[in-house]
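All values below come from the heavy atoms of this structure, side chains included, with hydrogens, waters and symmetry mates left out. Convention: sequence-line order gives letters A, B, ...; per-chain numbering from 1.
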There are 2 protein chains.
Amino acid sequence: MSDSSDVLRASIGLAVSTVIFALRDAEGDTSGPAVGTDAPATVWLPLVRRIREPQCGRWALPGGMVELDESLEGAARRNLAETTQLEPAYLEQLYAFGDVDRSPDRRLVSIVYWALVRPDEAERLTLGENVQWFPADELPELAFDHNLIVDYALWRLRTKMEYSAIAHAFLGDEFTLAELRGVYEAVLQKPLDPANFRRQMESSGAIEPTGGVVTGGRHRPPKLYRYTGDVQLVDAGPLTPRISA
Amino acid sequence: MSDSSDVLRASIGLAVSTVIFALRDAEGDTSGPAVGTDAPATVWLPLVRRIREPQCGRWALPGGMVELDESLEGAARRNLAETTQLEPAYLEQLYAFGDVDRSPDRRLVSIVYWALVRPDEAERLTLGENVQWFPADELPELAFDHNLIVDYALWRLRTKMEYSAIAHAFLGDEFTLAELRGVYEAVLQKPLDPANFRRQMESSGAIEPTGGVVTGGRHRPPKLYRYTGDVQLVDAGPLTPRISA
DNA sequence: ACAAAAGTGTTGCTTTTACACCCATGC
DNA sequence: GCATGGGTGTAAAAGCAACACTTTTGT
């Protein structure tokens, strides 16, 4: 037993972690339509408090070790489900972090994923003493190199938002253009011209009208749209990221 | 001994591999100015033949196991130097491949890097029965999932060439605009308008004239340029890739 | 009627693209 | 001179950004 433990310590541990993004209003409420209402939505992420050494007590990204019989993405999904009950609509590999001194205890390499969840999906997260939502750009000091990891994931989210069609991973199957624009504005942190935004989206071929409208607002009823799925070309390499809508 | 071997087999092996790109003319000659001459340059990469099971005899990417006391990038550089004598000007992480069945023997996760080398640097590769250059888009069937990996690396190279300043990693410190354009044409596999290319480069702020010219050609002597290094902003995230020119 | 957001039109500016043309050198 | 690539000019086309204006609902 001590022998096998020594050998294990002499090998490199392989873990996965995931940066999960969701949009919530400034107060942190995901209930109701989180985007498109008055309060401007912002990017939040859930963190878990470490309950053992090292770095016990600090907030950290959800994650865990990779089992022998599961893929890297499979490990990410399993750990996500176990620690946060979340099953994200979008999940993509971010980067492998493996500096020698990034974990004080044993040598650890973490394959980090990043995920987007819809507001209704985000509701599944059972909050508690050790699980909380945090605004993405005002985080406390996290465990290990997790601050750097979140910064990088945020950069990737904002960069990719500008040239690909990942925004719909924050929304339901049907959405108005105002809601879609709200996603872009929340992530990019700047207002967008509604008229120009509409034309860009319509001419991109990424969305199509469903035929339905939303009544009930004290204004003209907006049309509903859905994603066509013709836009994978833009951001997919030979690895074909899975946008399992 | 058999005990520790069993425990090791029960853990996940961590390896690094690297896709190395260089430009060579159609016949595969890197001597002389590989770009800017008559023959259109194309993308080549060096492969090594596996000399042990599994997949013995097949061509594969250079790589090896990660040692306990070295970083991932350090492991990539060490393996590169050991198996190919190459010290690339540009080296960046590509992706972590970790499917359960990607290696028939033991469970193996490979952190793959991609690298760019200059023609003169590429000369250092000592060719032999088990080390050869191959044109990037007509490869034989490689070991493991290495065909998929090369395809992805090629896609990243071509994508990144369009919005960042990595082209100079294929060139020396000083270069003419025709040579630089030759790099773009070789990688993107399409001719570019010399006049417009010049203006785009000059207005980008990425290059500046050295003052020197190249005499000897049977035409007007072209000016020499160098990279300014002001363009890291474009492609760097919080991870600050090292373009150690 | 009025407020509010949906949706359309128009204009000016910047960027891209295509291609004509002049410049400097070796032979 | 003439061939060859280096380098400049220019104009049409396309894309982008700003903003005025019309439409349709709830109250």
Side-chain angles (χ1 to χ4, degrees), chain A residues 25 32-41 161-164 171 174-186 188-226 231 234, chain B residues 25 32-41 161-164 171 174-186 188-226 231 234:
Chain A
D25 62 29
V35 180
T37 55
D38 306 312
M161 185 75 66
E162 305 217 61
Y163 67 88
S164 86
L171 296 172
E174 300 196 343
F175 49 87
T176 68
L177 275 170
E179 288 170 341
L180 183 60
R181 179 164 51 85
V183 171
Y184 277 82
E185 291 179 334
L188 301 179
Q189 294 179 302
K190 66 180 178 189
L192 298 175
D193 185 308
N196 296 332
F197 181 81
R198 162 183 302 276
R199 272 182 292 252
Q200 284 177 4
M201 283 299 150
E202 280 173 343
S203 69
S204 75
I207 61 173
E208 64 186 7
T210 66
V213 293
V214 178
T215 55
R218 24 195 280 174
H219 52 77
R220 177 171 172 176
K223 286 190 223 169
L224 282 169
Y225 291 81
R226 76 169 71 88
V231 201
V234 187
Chain B
D25 62 28
V35 180
T37 56
D38 306 311
M161 185 73 70
E162 305 218 61
Y163 67 88
S164 86
L171 296 171
E174 301 196 342
F175 48 86
T176 68
L177 275 170
E179 289 170 341
L180 184 60
R181 179 165 49 86
V183 172
Y184 278 82
E185 291 179 335
L188 300 179
Q189 295 179 301
K190 66 180 178 189
L192 298 175
D193 185 309
N196 296 332
F197 181 80
R198 163 182 301 275
R199 273 183 291 253
Q200 283 177 3
M201 283 299 149
E202 280 173 344
S203 70
S204 76
I207 61 173
E208 63 187 5
T210 67
V213 294
V214 178
T215 56
R218 23 194 282 173
H219 51 77
R220 177 172 173 175
K223 286 190 223 169
L224 282 169
Y225 291 81
R226 76 169 71 88
V231 201
V234 187

Nucleic acid footprint by protein, nucleotides 20-27 of chain C - heavy-atom cut-off 4.0 Å, B for base, S for sugar-phosphate alone: ---BBBS-
Set of residues satisfying side-chain hydrogen bond (donor to acceptor under 3.5 Å, both in side chains) with respect to Gln200(A), sequence neighbours excluded: none
For Asp193(A), side-chain hydrogen bond (donor to acceptor under 3.5 Å, both in side chains) partners two or more places apart: none
Residues which pass salt bridge (charged side-chain N to carboxylate O under 4.0 Å, His left out) with Glu174(B), listed by chain and number, not counting sequence neighbours: none
Heavy atoms from C-beta onward define the side chain here; which of [options] lies closest to that of [X]?
X         : options                  : result
Arg199(A) : dC19(C), dG9(C), dG7(D)  : dG9(C)
Asp193(A) : dT10(D), dA6(C), dC19(D) : dC19(D)
Pro222(B) : dG7(D), dA17(D), dG7(C)  : dG7(D)

Short side-chain to backbone donor-acceptor contact, Glu179(A) and Thr176(A), under 3.5 Å: yes
Whole-Å distance separating the [atom1] atom of [X] from the [atom2] atom of [N]:
X         : N       : atom1 : atom2 : answer
Leu177(A) : dT23(D) : CG    : P     : 20 Å
Arg198(A) : dC16(D) : CZ    : P     : 18 Å
Phe197(A) : dT8(C)  : CZ    : P     : 15 Å
Glu179(A) : dG7(C)  : CD    : C1'   : 16 Å

By ring pair (Phe, Tyr, Trp, His ring centres under 6.0 Å) - contacts of Tyr225(B) (at least two apart): none
Pairs of donor and acceptor atoms involving the side chains of residues 207-221 of chain B, under 3.5 Å and at least two apart or interchain, shall be tabulated with distances.
from	atom 1	to	atom 2	distance (Å)
Glu208(B)	OE2	Arg226(B)	NH1	3.0
Thr210(B)	OG1	Gly212(B)	N	3.1
Thr210(B)	OG1	Leu224(B)	O	3.4

